[in-house]
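Everything numeric here is computed off the predicted structure, so don't read it as measured data. Below, read A as the first sequence line, B as the second, and so on, with proteins coming before strands; counting in each chain starts at 1.
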Amino acid sequence: MSNKPEGPEKGKDFIRTIIDKDNETGVYGGRVHTRFPPEPNGYLHIGHAKSICLNFGVARDYQGKCNLRFDDTNPVKEDVEYVDSIREDVHWLGFDWDANFYASDYFEKLYFIAELFIKMGKAYVDHQSADEIRANRGTLKEPGVPSPHRDRTVDENLALFRAMRAGDMKDGECVLRAKIDMTAANVVMRDPTLYRIKHADHHRTGAAWCIYPMYDFTHGLSDAIEGVTHSLCTLEFENNRPLYDWCVDTLMEGLRQPELFGENAAIYNELAALPGFNQRPRQYEFARLNITGTVLSKRKLIQLVKEGHVSGWDDPRMPTICGFRRRGYTPESIRDFCERIGIAKSDSTVEFALLEHCLRQDLNDRAPRYLGVLDPVKLVIENYPEDQTDEFDMPLHPEEESFGHRVVPFSKELWIEREDFMIDPPKKFFRLGPGREVRLRFAYYVTCTGYETDPDGKVTLIRASYDPETKGGWSKDGRKVKGTLHWVSAKHGVKAEVRNYGNLFTTENPNAVEEGKTFLDYLNPDSLEVLDTCWVEPALAEMKPGTNFQFERMGYYCADSRDHKPGGRLVFNRTATLRDTWAKIQKKGDN
RNA sequence: UGGGGCGUCGUCAAGCGGUAAGACAUCAGGUUUUGGUCCUGACAUUCGGGGGUUCGAAUCCUCCCGCCCCAGCCA
């Protein structure tokens with residue numbers, strides 16, 4: 001299809017450029033292996049989608065592999081609820097892992113690697129309190145001071161570490177630390193903690209362990225064990241890369257010293273035989289995703305859920321994958337978005353409008369069209385016979401005939417949108433007003449002959465006459481109308497609840513808040529609008545939960561996956577509005 | 001001079017010494033039985049700033065400025 005001239009591919013991100021280079025030099029023998037490594041301590045959000053699309057996308061582009069690996073090294077924060085949701089969300093996004101591992105799968109191996117480090121004189125047990133360790137770590141500008149336990153003998157350290165594992169010590173009594181450099185300019189390298197004691201049940205390993213490895217120790221080694229080649233993470237881990245390398249390098253060095261293996265030779269030989277130790281993984285960092293108008297930090301999302309500011313992780317206003325799913329976003333639109341934003345190293349905030357564009361582009365192609373009146377006012381066609389009914393065959397998609405048709409009944413009394421009528425309309429208003437003629441979509445031309453109001457001046461009923469010669473919405477005489485309105489037959493319409501969602505926050509950047517305020521002070525009190533007097537065409541009564549469609553002229557909607565019941569209560573979520581140039585014109589007029 | 005990163009259109013983002021891609025947004029038109037879609041056009045003489053190297057610099061050197069990350073027994 002593409003007949004572009006050859007040459008260096010344009011627009012490739014820096015990571016793929018690195019991989020190209022690696023493939024040229026053959027460091028990994030052409031292998032490309034990535035992993036998506038979430039901690040199961042919360043639900044995935046759109047920021048994770050960026051990482052997922054990158055990691056799985058790279059594997060796909062290079063015929064490589066991508067693992068799903070749960071970084072489950074902190075049992076007190078993690079739960080199976082989260083691992084289940086993460087697996088579901090990754091699948092829903094359209095990706096499948098070559099293997100699903102857990103860091104906890106490696107607890108035994110990691111433990112022996114820690115022992116190896118001790119035997120190499122590269123790790124020691126420190127009995128300083130957490131406070132003492134912090135105090136002795138120094139500051140960003142001053143070096144740290146060595147622990148008084150830093151020079152314990154190998155035998156002493158080994159005995160202590162084994163006692164840690166055996167459960168002989170209480171939480172916090174001591175830790176295993178890497179012996180690196182207390183004066184390192186990079187604070188991460190000042191004898192980082194490798195293992196801590198937690199007498200806590202783990203969601204997978206139960207009570208088997210009371211010591212748990214730290215992220216920095218676990219991550220690179222897990223990558224190496226799995227044969228990962230390119231370990232992609234976000235920018236805030238740049239400072240951790242030297243430690244990542246230190247752990248992998250130290251292990252490789254240790255594996256070259258069989259005299260240290262002792263009775264655990266089997267496990268060390270197994271490790272040495274893994275591809276990850278001949279072709280060691282490298283970490284690369286890219287900028288995490290920020291989107292205008294929302295928050296993407298786990299802490300804040302948890303707060304929104306726990307404090308009840310939203311109905312749950314899958315509240316359609318949430319930037320979580322399950323929130324977007326329930327809102328009606330398609331996986332295709334999210335993937336398209338992730339491709340368009342690119343991968344780079346500069347901190348950036350993408351406009352929400354881009355995501356919405358991707359969504360609309362996808363839904364325009366695939367959403368069937370229906371008629372629904374959300375804020376109804378009655379329209380009576382005075383010259384239309386009382387007991388007559390027309391049945392209009394209407395296409396489900398304006399451009400794509402393959403969507404087929406459905407039949408929509410029409411009768412004397414109809415519901416139309418309240419905002420489609422004005423008693424005293426301005427010149428650019430193309431809709432209904434006294435004496436004006438408009439088209440009822442796919443039905444007839446009607447002319448407004450009168451209206452009624454209540455004492456407050458609110459329109460309660462509109463009268464009109466129709467032209468029988470315009471059946472189907474065409475006029476044989478070539479007469480044109482400026483406006484086309486959607487409608488629902490009052491006699492045949494079905495009642496529905498519509499939930500319109502707006503921005504969760506009132507500010508573009510809820511992360512940058514005024515002094516003394518929190519992001520919660522910017523919650524939009526009007527982010528959810530529930531309309532429970534809507535009338536929709538009969539065909540929608542049997543719609544399956546989760547189905548995307550468009551209410552013509554109103555927006556993209558989907559049947560709610562929790563509350564919508566075919567044949568029963570109908571609940572529709574607004575996924576997105578249509579682009580609205582009329583609203584723009586109005587706004588201009590106001591100013 | 002604590003260390004590590006980053007600065008190209010309003011927002012993302014290509015570009016890697018040969019004379020500023022693309023997308024979103026915005027604006028102006030056209031088509032239209034959705035004020036939708038679609039189509040057309042406009043939109044960085046300039047790449048954080050100053051010097052320098054070069055026939056030629058967003059790309060190389062240098063100084064300066066701004067922003068982000070790091071002192072968890074979190075990830």
Side-chain angles (χ1 to χ4, degrees), chain A residues 8 10-13 17 37-39 41 71-74 76-77 126 128-130 133-135 137-144 171-177 184-190 192-198 211-212 214-216 218-219 233-242 285 287 292 298 337 339-358 360-361 364-365 369 371 394 398-399 428-431 439-443 445 472-474 480-486 550-556 577-586:
Chain A
K10 290 197 101 179
K12 218 169 225 190
D13 59 68
T17 304
E39 182 187 17
N41 68 344
D71 235 324
D72 54 350
T73 57
N74 188 355
V76 302
K77 287 193 172 182
D126 193 351
Q128 290 183 108
S129 68
I133 288 180
R134 188 184 318 116
R137 183 150 31 225
T139 68
L140 294 178
K141 298 194 177 184
E142 297 155 28
D171 285 12
E173 197 172 325
C174 57
V175 293
L176 182 73
R177 286 231 257 172
N186 181 351
V187 191
V188 171
M189 299 299 274
R190 318 236 263 232
T193 301
L194 265 23
Y195 267 89
R196 76 290 216 187
I197 300 167
K198 274 182 199 280
I211 58 172
Y212 292 93
M214 298 287 289
Y215 164 85
D216 285 302
T218 307
H219 204 89
C233 62
T234 44
L235 252 26
E236 66 270 27
F237 290 101
E238 278 177 320
N239 297 318
N240 301 54
R241 191 173 62 230
E285 310 86 11
T292 56
K298 223 172 240 180
F337 172 74
E339 260 171 50
R340 288 181 188 235
I341 58 178
I343 297 293
K345 295 197 71 149
S346 60
D347 295 301
S348 57
T349 301
V350 179
E351 288 177 347
F352 188 79
L354 179 60
L355 214 205
E356 221 169 23
H357 167 82
C358 295
R360 290 197 185 107
Q361 186 165 284
N364 179 56
D365 291 343
R369 270 58 166 179
L371 302 184
M394 306 187 7
E399 282 94 32
K428 282 188 182 162
F429 186 81
F430 301 153
R431 311 176 186 181
R439 170 168 41 231
L440 293 180
R441 174 133 244 228
F442 291 115
Y445 282 16
W474 292 104
K480 300 240 164 140
V481 288
K482 290 283 261 182
T484 299
L485 311 189
H486 59 279
Q550 182 193 103
F551 273 133
E552 292 213 32
R553 302 211 306 134
M554 299 308 286
Y556 292 105
T577 59
L578 261 24
R579 280 188 72 220
D580 192 349
T581 50
W582 167 236
K584 254 179 219 169
I585 292 167
Q586 279 178 306

Please determine whether a side-chain nitrogen or oxygen atom of Arg553(A) lies at a distance below 4.0 Å from atom OP1 or OP2 of G35(B). yes

If you assign Thr139(A) and Ile343(A) each to the RNA chain B nucleotide with the nearest heavy atom, which residue ends up on the more 5' nucleotide? Ile343(A)

If pairing requires Watson-Crick or G-U wobble contacts with both distances under 3.5 Å, which nucleotide is the partner of A13(B)? none

Could you tell me whether a side-chain N or O of Thr349(A) sits under 3.5 Å from a main-chain N or O of Thr292(A), the two making a donor and an acceptor? no

Select one nucleotide: of G3(B), C24(B), A75(B), the one nearest the side-chain heavy atoms of Arg340(A). C24(B)

Measuring from the side chain of Lys345(A) (C-beta onward, heavy atoms only), which nucleotide among A71(B), C12(B), C6(B) has the closest atom? C6(B)

Sidechain N-carboxylate O distance under 4.0 Å for Lys77(A), Glu39(A): no

Tell me if G66(B) is syn or anti. Syn = glycosidic torsion within 90° of 0, anti otherwise. anti

Find every protein N or O atom lying less than 3.5 Å from an N or O atom of nucleotides 25-29 of chain B, and list the pairs.
residue: U26(B); atom: OP1; partner: Lys584(A); partner atom: NZ; Å: 3.1

For G15(B) versus U53(B), give the span between their P atoms, rounded off to a whole number of Å. 29 Å

By the Watson-Crick or G-U definition, both distances under 3.5 Å, A42(B) is matched with U26(B)

Could you give the distance separating U54(B) and G66(B) at their C1' atoms, to the nearest angstrom? 29 Å

Ile197(A) near the nucleic acid: base, sugar-phosphate alone, or nothing, with a heavy-atom cut-off under 4.0 Å? nothing

Do any side-chain nitrogens or oxygens of Arg190(A) fall under 4.0 Å of OP1 or OP2 in C70(B)? no

Does Leu355(A) offer a backbone N or O that forms a donor-acceptor pair with the side chain of Arg340(A) under 3.5 Å? no

Would you say Ser346(A) places a side-chain N or O within less than 4.0 Å of OP1 or OP2 belonging to G5(B)? no

Contacts of Lys482(A) and Cys174(A) projected onto RNA chain B by closest heavy atom; the upstream (5') one is Lys482(A)

Do the side chain of Arg431(A) and the base of G35(B) come within less than 3.5 angstrom through a donor-acceptor pair of N or O atoms? yes

The side chain of Glu236(A) lies closest to which of these nucleotides: C69(B), G3(B), C73(B)? C69(B)

Hey, is the main chain of Met394(A) close enough, under 3.5 Å, to the side chain of Arg369(A) for a donor-acceptor pair? no

Say whether, by atom type as modelled, one donor and one acceptor occur between the side chain of Arg190(A) and the main chain of Ala184(A) under 3.5 angstrom. yes

Side chain of Asn364(A) - closest among U37(B), C73(B), C74(B): U37(B)

Taking the C1' atom in each of A21(B) and C9(B), what is the distance between them to the nearest angstrom? 13 Å

Is any N or O donor-acceptor pair between the side chain of Gln361(A) and the base of U37(B) shorter than 3.5 Å? no

Between C12(B), U34(B), C73(B), which one does the side chain of Ser348(A) approach most closely? C12(B)

Taking the C1' atom of each, how far is A71(B) from G4(B), in whole Å? 14 Å

Using only atom types and a distance under 3.5 Å, with no angle test, would you say the side chain of Asn240(A) pairs donor to acceptor with the backbone of Val188(A)? no

For the side chain of Glu238(A), counting heavy atoms from C-beta on, which of G3(B), G4(B), C73(B) is nearest? G4(B)

Taking the side chain of Ala344(A) as its heavy atoms from C-beta onward, which of G3(B), A14(B), C73(B) lies nearest to it? A14(B)

A44(B) to A23(B) separation - C1' atoms, rounded to the nearest Å: 16 Å

Between G35(B) and Trp582(A), is there a base-stacking contact, meaning the centre of the base's six-membered ring lies under 5.5 Å from the residue's ring centre while the planes stay under 30° apart? yes

Quick one: is Lys141(A) getting a side-chain N or O under 4.0 Å of the A71(B) phosphate, OP1 or OP2? no

Using the side-chain heavy atoms of Arg137(A), tell me which of these nucleotides is nearest: A13(B), U34(B), G72(B). G72(B)

Does G36(B) have its OP1 or OP2 closer than 4.0 Å to a side-chain nitrogen or oxygen of Thr581(A)? yes

Regarding the side chain of Glu399(A), the nearest nucleotide among U37(B), C74(B), G35(B) is U37(B)

Minimum-distance nucleotide to Asn239(A) side chain [options: C69(B), C73(B), U34(B)]: C69(B)

With respect to the phosphate group of A75(B), does any side-chain polar atom (N or O) of Arg196(A) fall under 4.0 Å of OP1 or OP2? yes

Mind checking the C1' distance from A20(B) to G2(B)? Whole angstroms is fine. 38 Å

